[in-house]
Chemist: 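Below you'll find the structure I mean.
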Amino acid sequence: MAPVADPVSSLEVHASAGAARSDVLMVSSDSEEEAMIPLAVRLKQKQLGLGTAAINAEETRASNVVSNGCSRLLEVPSYHINPEAQPIERNKICSNITRQCSSNNNAPYLSKEPPPENGTYLAKCKKTPAEVEAARQETLRKRAMREHQQEEKERLRMEKKALADAVKALRPEECIKHMVVTVDPGLLQLEGGGALLTSLHAMGCSCAIEKQSLPRSVTWARHSPCPQTGEMMSIPDSNTVIQVPVDDFVTMINNYSKRQCNGVLMESGISLTTWIQGHMSRNPSRTLSLVVIDIDKYFRSQNSKCQKKYREAVLGEEKNVGLQGAQKKRRKKDDINQLPEVSRVQVEEALVDLQLQTGVQVRFLSTWKDFTDYITMSTKAVAEAPFKREREKTGFTFCLESEWAGGQKVDRTGNGLLQVWKRQIQQLNRVSPDMASAILSAYPSPRLLAQAYARCKSDHEKVGLLADILIRRGEGVASTTRRVGPELSKRLFLLMMSCDAHQPLDSAV
Amino acid sequence: RAHISESDATGKSQTLESGRTATSWHLPPGSYDIVLCVDVIETTGGSSGRKQELVKELQRNCVTFDIRKLNVGDFLWVAREKVTPVPGQLRPPVGKELVLDYIIERKRMDDLCGSIIDGRFREQKFRLKRCGLRKPIYLVEECGSAAAHLSLPESTLQQAIVNTQVVDGFFVKRVQDVKESAAYLTIMTRYLQKLYHNCTLFCRSRELEGDGGDESEQTANLSCSLMAFTEFNYGAIKNKCQTVREVFARQLMQISGVSGDKAAAVLEHYSTVSSLLQAYDQCSSESEKEKLLSSIKYGKLKRNLGPALSRTIYQLYCTRGPLS
DNA sequence: TGGTAATACACACATT
DNA sequence: AAGGCC
DNA sequence: GAATGTGTGTCTTGCCT
């Protein structure tokens with residue numbers, strides 16, 4: 001039997017020794033949360049109080065109407081808001097509604113513009129009871145309509161707020177405050193546990209201490225309001241960091257080396273890879289990474305014990321398989337000295353095995369402060385990950401495609417637009433500044449180029465419109481001139497005139 | 001001794017389609033060698049002796065490697081078909097080569113520092129993600145080494161390293177110096193040689209690469225469907241075919257204030273230059289043209305593009321005389 | 001109701 | 001604080 | 001985003017009687 005504790009058994013020891021206590025420490029976001037929950041609850045109540053499908057249909061229709069009204073005021077075509085919306089103005093809809101209401105309760109010909117003679121009649125005689133009643137109902141309807149509009153406006157505002165807050169929660173600055181770091185109690189009873197919590201707290205995120213399915217591990221969760229219910233819910237992150245004691249680590253390295261030496265048939269205990277594979281098969285969705293703290297302490301000990309074997313192992317000229325043969329010093333007194341003897345090369349070999357078999361990586365840290373810093377940085381990385389991923393998904397690739405010049409500054413009068421136009425031409429592949437300048441001098445604005453294309457009689461003429469423009473390179477006598485050429489001419493024609501957005505510019509074949 | 005051959009895949013003068021046809025060929029077990037490939041820039045240039053130190057170390061470890069011009073990454077491994085010289089021909093036939101899924105970007109701390117500042121860092125990570133190789137590795141050198149007073153704080157650098165691990169999902173290997181880098185490459189090479197000792201390899205095309213998580217596929221870590229090296233190295237050069245839509249987006253972003261989200265929002269309504277010009281032509285008044293784009297929503301959710309940008313774009317595309 | 005002023009708040013862009 | 005103003 | 005700081009413009013709010 002191996003004289004060293006198995007990692008699994010050590011897990012059980014730590015878990016039983018540690019008091020499994022769940023504690024959540026709110027740092028600076030508690031006031032915000034208390035303010036946010038009632039907000040979301042109100043939204044939920046309104047959604048439940050009114051219908052679901054019918055109300056949603058009403059609200060989308062109403063929003064379209066409002067948007068059309070706004071866009072009319074801004075003199076903007078309505079299809080910017082909704083491409084399928086017809087150019088119906090809001091005041092027409094409203095007047096139609098009021099007209100319908102009036103005709104239902106009054107004589108049809110009284111609806112809008114009473115004739116002059118009827119006007120005098122109506123002015124002389126007081127309103128009939130029916131008219132009074134009609135007026136009352138009209139007022140009631142107006143009030144009801146206003147209330148409905150108010151409520152819908154309010155609901156729309158709240159929804160917008162909720163979405164805006166959801167985006168805010170992902171911003172690099174604030175996202176960290178919505179993170180809750182769950183730490184295994186086995187980590188805290190080790191030295192530096194308090195410092196970990198202190199640093200996490202200082203960073204502005206919440207901490208929870210509860211027993212993890214993985215020993216001495218730390219996981220992350222995002223504390224955010226659910227868009228549907230408004231309740232706060234925790235969204236767990238797949239990342240997990242496990243701190244592996246040097247004893248267990250060295251033992252598993254040794255087990256791997258034994259397996260490599262003796263052949264695959266020999267069962268020689270848990271190796272790093274098999275240990276991780278066991279955990280990963282138990283819950284496949286986790287992304288693990290390992291931390292080993294102060295492994296140099298082990299190597300220092302080994303080095304002082306037998307320097308000769310260490311050097312041989314580093315030089316790697318002989319297959320130095322360090323079994324646990326050289327364990328002669330005092331046992332229970334110093335745990336390190338009764339560990340098996342492994343070399344740094346053996347560690348690296350086992351690490352490569354772990355990497356290629358599981359993709360899990362191991363971080364070696366020298367102090368517990370480094371561990372705290374590592375967890376701190378990992379927390380920031382995990383917190384900001386969703387934000388960055390979403391940006392990569394929506395944005396264009398060429399935004400950060402190495403040599404990318406920022407937008408050309410242009411003032412209110414339009415100064416700078418010529419440079420913009422030149423740079424626009426250069427966005428096509430294989431267009432040098434000289435080529436762009438040549439085209440620029442012939443057609444100093446997009447409109448002029450488009451007009452030139454429109455004046456062409458044939459498509460063949462359009463394709464070759466720019467082909468014979470001269471490019472002058474250099475200055476004075478040494479300057480050489482070339483043509484733009486038919487290839488670039490065709491590409492620019494396609495770019496300017498094609499109606500197919502996915503039209504390839506680089507001609508095939 | 002190590003076998004060094006200068007097989008130069010001339011990076012630019014290739015034919016448009018690299019010679020691999022759709023014939024799905026394969027490499028039976030034992031018909032190929034696993035060979036480490038080192039980018040030529042890692043062996044030559046700048047610091048005279050430092051680069052050769054890695055080569056020397058690999059040679060001492062008896063690692064067979066090949067020095068090539070890699071268009072992405074610094075190290076990778078190929079499965080090189082064993083070729084037997086044909087009688088009557090001086091040159092043996094060219095062996096087929098498949099590139100393994102692992103690719104290493106080696107980064108010294110000072111390199112990393114400069115890369116972060118000028119933006120190369122993000123670009124390199126992006127290129128590694130989409131290079132077709134599914135197991136990118138960042139080999140970070142000079143980790144705990146002398147507090148190199150670089151132009152960036154050390155905490156910043158380490159945060160960047162953690163980010164590439166956690167956010168980008170790269171495997172990050174930290175080493176102290178060049179010697180440890182060589183040791184890592186040596187161990188990796190030997191392990192891969194052992195891993196692929198009895199595998200039949202198939203040729204995959206660059207297409208159909210649902211490059212999901214790298215570590216997520218822990219069970220099928222032995223990928224036998226690989227790309228031909230020529231196709232990989234050619235595809236790594238960035239001469240992608242542009243479309244009207246793409247170039248239009250880039251053009252929009254040439255004006256200050258137009259970002260990716262803004263351009264994308266405009267493209268939602270007018271995906272070509274032509275359609276935008278048509279829309280301007282259909283406007284009845286000049287003020288209508290000015291505000292044609294002002295109420296377009298962009299980005300996170302429904303933020304107006306605004307009248308200012310709308311006016312600028314209007315000036316750009318509607319000015320009938322020369323621009324200034 | 002609409003319309004503005006004043007602020008807050010983002011975002012695009014520029015630096016150690 | 002609600003209502004009518006233009 | 002490395003991290004932080006700076007200026008453009010929208011967007012939110014409150015106000016008016």
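Chain A is the first sequence line, chain B the second, and so forth, proteins listed ahead of strands; every chain is numbered from 1. No experiment lies behind these values; they were computed from the predicted model shown.
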Chemist: Can you confirm whether the side chains of A:W220 and A:T379 place a donor and an acceptor under 3.5 Å from each other?
Modeler: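 A pair is found: one side chain offers a donor N or O, the other an acceptor, under 3.5 Å apart.
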Chemist: Identify, between B:I117 and A:G407, the residue whose nearest nucleotide on DNA chain C lies closer to the 5' end.
Modeler: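 Looking at DNA chain C, the more 5' nearest nucleotide goes with A:G407.
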Chemist: For B:F121, answer base if it contacts any base atom (sugar-phosphate contacts may also be present), sugar-phosphate if it contacts only those atoms, and nothing otherwise; contact means non-hydrogen atoms under 4.0 Å.
Modeler: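 Touches sugar-phosphate only.
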Chemist: Write down the partner of C:dA5 under the Watson-Crick or G-U wobble criteria, each distance required to be under 3.5 Å.
Modeler: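 Checking every strand shown, C:dA5 finds its partner in E:dT13, with both distances under 3.5 Å.
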Chemist: Verify the contact: side-chain N or O of A:K380 to OP1 or OP2 of E:dA3, cut-off strictly under 4.0 Å; return yes or no.
Modeler: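 For A:K380, the contact criterion (side-chain N or O under 4.0 Å from OP1 or OP2 of E:dA3) is met.
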Chemist: What's B:Q158 touching, base or sugar-phosphate or nothing? Going by heavy atoms closer than 4.0 Å.
Modeler: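 Nothing, no nucleic acid heavy atom in range.
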Chemist: How would you label the contact of A:P172 with the nucleic acid (heavy atoms, under 4.0 Å): base, sugar-phosphate, or nothing?
Modeler: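 Answer is nothing: A:P172 stays at 4.0 Å or more from every strand.
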Chemist: Testing B:R127, B:K240, B:R130, B:R120 for salt bridge (Lys or Arg N to Asp or Glu O under 4.0 Å) with A:E401, which one passes?
Modeler: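 Checked B:R127, B:K240, B:R130, B:R120 against A:E401; only one passes salt bridge (Lys or Arg N to Asp or Glu O under 4.0 Å): B:K240.
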Chemist: So what does B:K125 hit on the nucleic acid, given a heavy-atom distance under 4.0 Å: a base, only sugar-phosphate, or nothing?
Modeler: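 No contact.
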Chemist: Please confirm whether B:K289 makes a cation-pi placement over B:Y314, using NZ or CZ under 6.0 Å from the six-membered ring centre and within 45° of the ring normal.
Modeler: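 No; the conditions do not both hold, so B:K289 does not lie above the ring face of B:Y314.
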Chemist: Quick one: CE on A:M203 to CG on A:L200, what's the gap to the nearest 0.5 Å?
Modeler: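 One gets 4.0 Å once the value is rounded to the nearest 0.5 Å.
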Chemist: Could you say whether A:Q408 or B:R303 is positioned toward the 5' end of DNA chain C, judged by the nucleotide with the nearest heavy atom to each?
Modeler: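 Nearest-nucleotide comparison on DNA chain C picks B:R303.
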Chemist: OP1, OP2 of C:dA14 versus side-chain N and O of A:K409: anything below 4.0 Å?
Modeler: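 Negative; the distance criterion is not met.
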Chemist: In the structure shown, which nucleotide is the Watson-Crick or G-U wobble counterpart of C:dT15, with both distances under 3.5 Å?
Modeler: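 Checking every strand shown, C:dT15 finds its partner in E:dA3, with both distances under 3.5 Å.
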Chemist: Please tell me if B:S256 has a side-chain N or O lying less than 4.0 Å from either OP1 or OP2 of C:dC13.
Modeler: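 Yes, because at least one side-chain N or O of B:S256 sits under 4.0 Å from OP1 or OP2 of C:dC13.
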Chemist: When all nucleic acid strands are considered with a 4.0 Å heavy-atom cut-off, which category describes A:R171: base, sugar-phosphate, or nothing?
Modeler: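 Counting heavy atoms under 4.0 Å across all strands, the contact made by A:R171 is with sugar-phosphate only.
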Chemist: Could you let me know what D:dG4 is paired to, Watson-Crick or G-U wobble, both distances under 3.5 Å, or none if it's on its own?
Modeler: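 Here D:dG4 is not engaged in any pair, so there is no nucleotide opposite it.
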Chemist: Answer yes if the side chains of A:Q408 and B:S256 hold a donor-acceptor pair under 3.5 Å, and no otherwise.
Modeler: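 Distance-only check fails for A:Q408 and B:S256.
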Chemist: With both distances under 3.5 Å as the test, what is the Watson-Crick or G-U wobble partner of E:dT8?
Modeler: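 E:dT8 is paired with C:dA10.
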